[in-house]
Structure formats: C-alpha cells, structure tokens
Amino acid sequence: MSETDSATEPSAVTAGSNEPVQQPLPLAFINGEAVIEKPQDLYIPPDALEVILESFEGPLDLLLYLIRKQKFDITTLPIADVTRQYMEYVEVMRELRLELAAEYLLMAAILAEIKSRLLLPRRSDDDDDEEDPRAELIRRLKEYELVKQAAEDLDSQPRLERDIFTVHVDTTESVAPVRVEPDVSLQELVLAFSQAMKRAEAFEHHTIEREALSTRERMSMILSMVSAAQYTPLESLFTPEEGKAGVIVTFLAILELVKESLLLCVQAGPYARIHVKLGSHEEDQQDSA
Amino acid sequence: MKKINKTQLKQLVEAALFVADKPLSRQQLRETVLSEFTVSERALSEVLKALVLDYQPRGIQLVEVASGYRFQSLDSLSPWLSLLWQETAPRYSRAMLETLALIAYRQPITRGEIEQVRGVAVSSNIIKTLTERDWIKVVGHKEVPGRPALYATTRGFLDYFSLTSLSELPSADAFAQMAEETDQAATASIQKEAPSELTDRANEINEAKSVTLND
Amino acid sequence: MKKINKTQLKQLVEAALFVADKPLSRQQLRETVLSEFTVSERALSEVLKALVLDYQPRGIQLVEVASGYRFQSLDSLSPWLSLLWQETAPRYSRAMLETLALIAYRQPITRGEIEQVRGVAVSSNIIKTLTERDWIKVVGHKEVPGRPALYATTRGFLDYFSLTSLSELPSADAFAQMAEETDQAATASIQKEAPSELTDRANEINEAKSVTLND
C-alpha cells in the first residue's frame with residue numbers, strides 16, 4: 001500500500017496545477033440537496049462529511065457521481081478533470097482525518113497512472129497494440145453503473161414482509177401429522193437374525209429350519225385361533241385342503257403347545273370329540289384383557 | 001378519516017384475516033388495517049357476513065371463534081391435508097431389527113428368550129413400535145413364573161415382506177450367501193462377519209436344532 | 001388409486017395451498033394431498049388456473065413463484081396490512097443489495113469477483129446475512145488458488161421477491177449484454193488491480209485483451 005500512497009501525492013499536485021479552473025466540486029447529496037462547495041474554502045462539519053463518505057459505495061460510486069454531476073459521458077471520460085476532482089475529494093477526507101478506505105487510494109493511483117499514460121508521447125510502431133488506457137476504467141464504471149441500477153431495481157421489486165404478505169390459514173384440529181414408517185428389507189431382517197444368532201452361544205438351541213419354522217408358525221396360528229373362555233373343537237384347527245403335510249404340521253404344533261402347557265386338550269369320553277382351549281393361566285389373562 | 005368503498009373494505013378485511021397469525025376481532029381490525037378509515041359497524045358486519053358466505057363452498061371457511069374471525073380449512077379435508085405434514089421416522093436400530101428377526105424366526109418367543117439370544121435387554125419401546133406397526137402381536141403366555149407374553153408375527157408382517165407364509169423366510173443356508181453379497185456391497189452392519197465363519201455357525205445351529213426336534 | 005371429482009379436487013388443492021407454510025409445487029401436491037387420487041396433469045392445471053382466476057378480484061391472490069404456488073396478499077394493500085405488525089419491514093443497505101444483485105445476475109460468482117466489480121471489500125457480515133436469510137448459498141469452489149467459494153441465489157431468494165425464475169429479474173437483459181462484454185475482459189481486469197508483482201503478467205494479459213477487443 002505504501003507504493004500506492006506515494007503515487008497518490010504527486011498526482012494530486014499535478015492534477016491541481018495543470019488543469020484549468022473547474023466548477024465548484026459537488027461533494028455529495030445530503031438529504032437530496034447537492035453539496036457544491038470548494039472543500040478548502042468551506043468548513044464542513046466532520047459529521048456531515050462522514051455522511052458524505054458513507055453515502056458512496058466506494059471509489060467507483062464516487063467517480064460515477066462526479067461524472068454524472070458534470071454531465072460527462074462515461075465513454076469519453078475526461079480523465080484529467082475527473083482525476084482532479086477525485087483527488088480534491090480524497091484530500092478533504094484526508095484533511096479531516098477520516099479513515100480513508102484503501103480502495104479510494106488505489107483508485108487514485110489508477111487514475112494517476114491512466115493520466116500519465118495519456119500524457120506520454122506514443123511511438124508510432126506501438127500504435128497498433130496500444131489501447132486507450134481509459135478503456136478498462138470505462139468498462140468498470142459501466143459495469144458498476146449497471147450493478148447499481150440492478151440493486152435499485154431489486155429494491156423496488158415487490159417483496160415479502162414489505163409489499164406482500166403470505167397467508168396464514170389454520171387447519172382444523174382433525175389434521176394430524178402423518179408418520180412415515182421406515183422401510184425394512186427382507187435382507188436386513190435375515191442379516192439381523194444371523195447377527196443375533198452369531199452372538200448367541202452355540203449350545204443354546206436357537207434353531208432355524210424350514211420345518212421348525214412352519215411348526216412354530218402353526219403354533220402361533222393355533223394360539224390366535226383358540227380362546228381361553230371357550231373350547232374349540234380340535235378338528236377345526238386342521239385344514240384338510242393343506243394335505244397330509246399340513247395336517248402333520250398342525251398336529252406337531254398342537255403337541256408342542258400341549259407340552260408347553262399353552263394348550264389344554266379335553267376329551268369328555270372315549271371317542272368323544274376332543275376340544276382345546278388356552279392353558280389355564282391364560283384364562284385370567286384373557287379375562288383381564 | 002378517509003372513506004373506503006365496499007369493494008376495497010372487503011378486500012382489505014379479507015387480506016387482513018388471511019395474513020394475520022391469529023384470529024382478528026372487529027376491534028383489532030379497526031385498530032390496525034381500518035384505522036385510517038371511517039367504517040360503520042353495520043358496514044363491517046355486512047362485509048364479514050359476505051366473506052363468510054363467499055367461502056362457504058370453498059376448501060377453507062371463515063369462522064368466528066372466541067378471539068375473533070379466522071380462516072380455517074374444511075374439516076372434511078383433514079385426512080388428506082394431514083399428508084402435508086409427514087414425519088419420517090428414523091431408520092430402525094439394530095436392536096429393533098434383531099428383535100423382529102428373532103420373533104419372526106423363533107416364534108412364539110418371549111421377551112426373555114430374545115434377551116437371552118441377544119445378550120442384552122429388549123426395550124419396551126421396541127416391542128411397542130413393532131406392535132404399533134402391526135408386525136408382531138401377543139399370541140399367548142408361557143407357563144413359567146411370571147407368565148411372560150409370547151410374541152409372534154402378524155399377517156401384516158407377511159404382507160409387508162410379500163411372503164405368503166413364514167416358511168418362505170430365507171433359511172439359514174441363505175445367510176452365508178447374503179453375508180457375502182453384503183460384504184461386497186460394503187454394508188457396515190455386517191462387514192465384520194467373515195462369510196466362512198458364518199457358514200460354520202449356521203451348520204452348528206442346524207445340527208443343534210435337529211437334536212432339539214428329536215427329543 | 002381413487003377418483004376425485006373436480007369440485008373436490010379444487011377444494012383440496014385450494015385448502016392445501018392455504019394451510020401449507022410455504023409454496024407448493026405440482027409435484028408436492030401430488031406427493032401429499034393428492035397421493036391417493038388419480039389426477040391428470042391437465043385436470044390439475046385447470047384447477048390451478050381456475051383458482052388463480054377466482055381470486056383475481058379478491059384481497060389475496062394465487063401466484064406462482066419459483067418453488068410453487070402460494071396465496072399472497074394484494075400488493076396494493078401493503079400500506080394498511082403493514083399496520084398488523086409492530087415492527088417495520090427490514091431495510092437493506094446498498095452494499096447488501098449490490099452484492100445480492102451481483103450474485104443474482106452473475107452467479108456463480110466468488111467474493112473476490114464481487115469486490116472486483118464493486119471496487120470495495122465485501123464484508124463477511126453481508127455474506128453471512130444473505131446466507132442466513134437463505135437467499136444465497138455456496139454452490140461450489142472456483143478452481144483457482146485458494147479455491148474461493150462460488151455463490152449463487154436460492155429458490156428462497158426468488159420466492160421472497162415473487163419471481164418464478166432469474167430471467168424475470170428486472171434489467172436482466174442489460175446484464176446479459178454486459179456479461180458478454182465483460183467475459184472477454186474479466187481475466188485482464190482482475191490482474192490489472194493486483195499489486196506490482198503481477199504487473200508483468202497483467203501487461204501480458206492486457207496485450208492479449210486488446211487483440212480480443214480489436215477483433
């Protein structure tokens with residue numbers, strides 16, 4: 001930054017001495033009123049200047065303001081005039097010991113550089129390659145002007161909270177969130193079983209096989225078919241349509257249930273119909289349920 | 001105080017009732033959106049009545065509640081409107097899946113028996129969740145002290161997994177193969193289990209089982 | 001899938017758009033309130049169009065914004081509706097609006113590029129506020145030293161400004177034209193601003209650029 005600083009000083013001097021007397025420098029608008037005074041002639045309260053400084057969004061904004069104020073055309077940017085006015089402005093800020101953003105000094109350096117390049121005599125063989133040193137700055141000013149306009153347009157765009165409000169309608173009490181249950185795949189289930197079994201000790205008889213499964217399934221089925229309150233005819237537990245295998249599985253399941261006292265088998269006399277009901281302890285359970 | 005025509009009054013009152021976060025009373029309407037205007041009590045009543053009528057055939061209704069007027073959805077639409085608020089439940093834990101698997105493969109089974117295999121307690125929450133999902137149910141009680149409930153899977157469980165019967169559940173032989181596939185897919189849950197070990201264990205289990213069945 | 005008649009469909013869609021906390025897209029309507037019903041794309045369009053028309057003369061309007069359809073109050077009623085709230089709408093500084101405008105028109109864009117165009121540093125606070133408002137988000141990182149974040153606007157931004165797409169932004173055309181010109185010069189200008197070490201390189205680029213410009 002020290003290089004930039006030193007570059008600012010001489011160019012500011014040059015700007016002041018080389019150019020003809022200009023219009024009074026318009027500093028800024030305060031509450032819509034243009035402040036057009038030569039800064040060195042007029043005491044500006046520091047507060048007011050801070051307002052001025054804050055009203056610019058940086059050096060490009062200040063430059064645009066200066067150009068527009070003087071009714072200059074951006075594309076034919078009179079670099080000497082603009083530079084001189086810019087430097088005066090920067091000087092005032094320095095005099096008032098306002099904290100000057102580095103960007104303002106950098107712009108001062110750019111302006112000085114452009115001006116000096118314009119002053120240098122051109123060598124004829126360079127002419128083809130040499131572009132107007134102002135071109136880049138002009139491009140940036142045009143671009144910034146567009147952004148500035150876009151920001152204003154955006155600000156005037158109807159927006160929520162200020163111009164439009166979203167509606168708020170309550171539901172009646174009968175609306176309740178719907179819970180979406182997680183998906184489980186068969187593979188996950190089988191793997192979970194294999195993991196559980198893997199951890200279990202080998203001597204424990206946690207068995208798995210097709211027949212065992214269907215017997216156990218049948219056991220569950222029978223338990224849900226019979227009640228503790230009344231007897232169910234044994235034959236109603238069989239489904240002849242299943243064939244021999246089905247009947248055997250059902251019979252095995254009944255035997256297993258009887259063995260575990262989950263099922264009570266009752267026969268009134270020889271050759272009488274056999275009835276089943278849930279184990280005696282089930283009775284209390286069923287009644288209370 | 002300015003005048004306001006009926007159309008504007010209706011629009012303003014309507015919009016106010018819609019954008020407010022809570023019901024608005026006549027008083028509140030007068031103190032806010034209507035504060036600049038001269039509006040007779042009768043004019044306001046008429047506008048409110050007209051609005052109530054306007055919305056009668058629509059999906060939302062203007063109703064008067066204790067604290068004022070508010071728009072609310074038609075009660076009969078609630079079953080579908082509820083679908084706007086879907087809470088996705090978190091994925092099931094390993095404990096949940098193992099419990100379900102044990103009930104599926106070893107039914108009817110008590111909670112104690114599940115705990116014995118898993119080596120850890122089964123939380124009531126797991127049983128509750130599986131019951132609420134209609135995947136498991138109590139089918140009886142075991143004749144041991146405490147008469148613990150015996151759990152089995154439901155028809156809903158079979159339907160969910162597209163099974164016609166429990167015998168269609170993949171058998172022990174399928175474990176090793178599945179584990180292998182899963183290993184390749186690098187699923188974290190099963191990664192540690194070497195496929196060969198699993199096969200051995202599955203065989204052991206099969207042997208142990210045949211003894212049980214024969215006694 | 002059930003059938004639903006036109007009156008019921010209209011009531012359901014209307015109520016859903018009213019009770020939802022945010023705009024609903026056709027897709028969202030189908031996935032929630034309409035999930036049980038067979039509704040053709042044409043029937044849904046017709047119902048939405050009819051609802052837009054129904055509300056045209058009213059105090060609230062059905063509009064389409066970036067993320068779907070929503071009911072909102074009539075723009076012209078805002079001076080009075082604002083009276084419903086104690087606090088006034090937030091105002092945004094020029095710095096923030098210019099930054100937001102640049103991100104909107106030039107996305108994806110880095111902070112450095114924004115600073116380049118504006119000629120001043122962009123405060124972290126501005127980026128933070130815009131991010132928290134859910135108006136901008138990081139969509140990637142530019143493959144240059146330091147891999148700076150690339151910012152873009154969100155759907156929330158469009159919704160907030162009642163836009164359906166970026167092409168509806170005011171002065172979009174002027175920007176597109178400028179962007180074309182700037183694209184050619186962009187690299188050069190970045191280098192030119194750089195401190196003296198880069199001067200050599202900047203000159204090279206400037207030379208290259210002048211060739212481009214003279215085409």
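Heavy-atom basis, side chains included; hydrogens, waters and symmetry copies ignored. Chain naming here is simple, since letters A, B, ... match the order of the sequence lines and numbering starts at 1 in each.
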Quiz item: Taking C:Q61, C:Q72, C:M96 one by one, which has the highest count of heavy-atom pairs under 4.5 Å against chain A?
Solution: C:Q72

Practice problem: Give the member of C:L74, C:D159, C:L102 that has the highest number of heavy-atom pairs under 4.5 Å with chain A. | Solution: C:L102

Self-check item: Inter-residue atom distance C:S82.OG - A:D163.CG, 0.5 Å rounding
Solution: 8.0 Å

Self-check item: C:R155 atom CZ, neighbour heavy-atom count above 12 within 6.0 Å
Solution: no

Practice problem: Spell out, as yes or no, whether a donor-acceptor pair under 3.5 Å connects the side chain of C:E98 to the backbone of A:V147. | Solution: no

Quiz item: Quick one: what part of C:P23 sits under 4.5 Å from any heavy atom of chain A, side chain, backbone, both or neither?
Solution: neither

Practice problem: Working to the nearest 0.5 Å, report the span between CD of A:Q157 and CG of C:L97. | Solution: 12.0 Å

Quiz item: What is the minimum heavy-atom distance between A:V167 and C:F18, and which atoms define it?
Solution: CG2-CD2, 3.7 Å

Quiz item: Under a 4.5 Å cut-off applied to non-hydrogen side-chain atoms, are A:P59 and C:V120 in contact?
Solution: yes

Practice problem: Using a 4.5 Å cut-off on heavy atoms from C-beta on, say whether the side chain of A:R162 contacts that of C:R91. | Solution: no

Self-check item: Per-residue contact mode, A:D170 against chain C (heavy atom under 4.5 angstrom)
Solution: backbone

Quiz item: Heavy-atom distance under 4.5 Å to chain A: side chain of C:L169, backbone, both or neither?
Solution: side chain

Quiz item: Does any heavy atom of chain A fall under 4.5 Å from the side chain of C:L163, the backbone, both, or neither of them?
Solution: side chain

Exercise. For chain A, find which of C:A15, C:A20, C:A101, C:S73 contributes the most heavy-atom pairs closer than 4.5 angstrom.
Key: C:S73

Practice problem: Taking all heavy atoms of C:F161 and all of A:L154, pick out the closest pair and write down the distance. | Solution: CE2-O, 3.5 Å

Quiz item: Do C:R94 side-chain atoms and A:K148 backbone N/O form a donor-acceptor pair below 3.5 Å?
Solution: no

Quiz item: Of the backbone (N, CA, C, O) and the side chain (C-beta and beyond), which part of C:A104 lies under 4.5 Å from a heavy atom of chain A, both, or neither?
Solution: neither

Quiz item: Looking at A:I164, A:D61, A:D155, A:L60, which one has more heavy-atom pairs under 4.5 Å with chain C than the rest?
Solution: A:I164

Quiz item: Once you round to the nearest 0.5 Å, how far does OG1 of C:T88 lie from CD of A:E161?
Solution: 10.5 Å

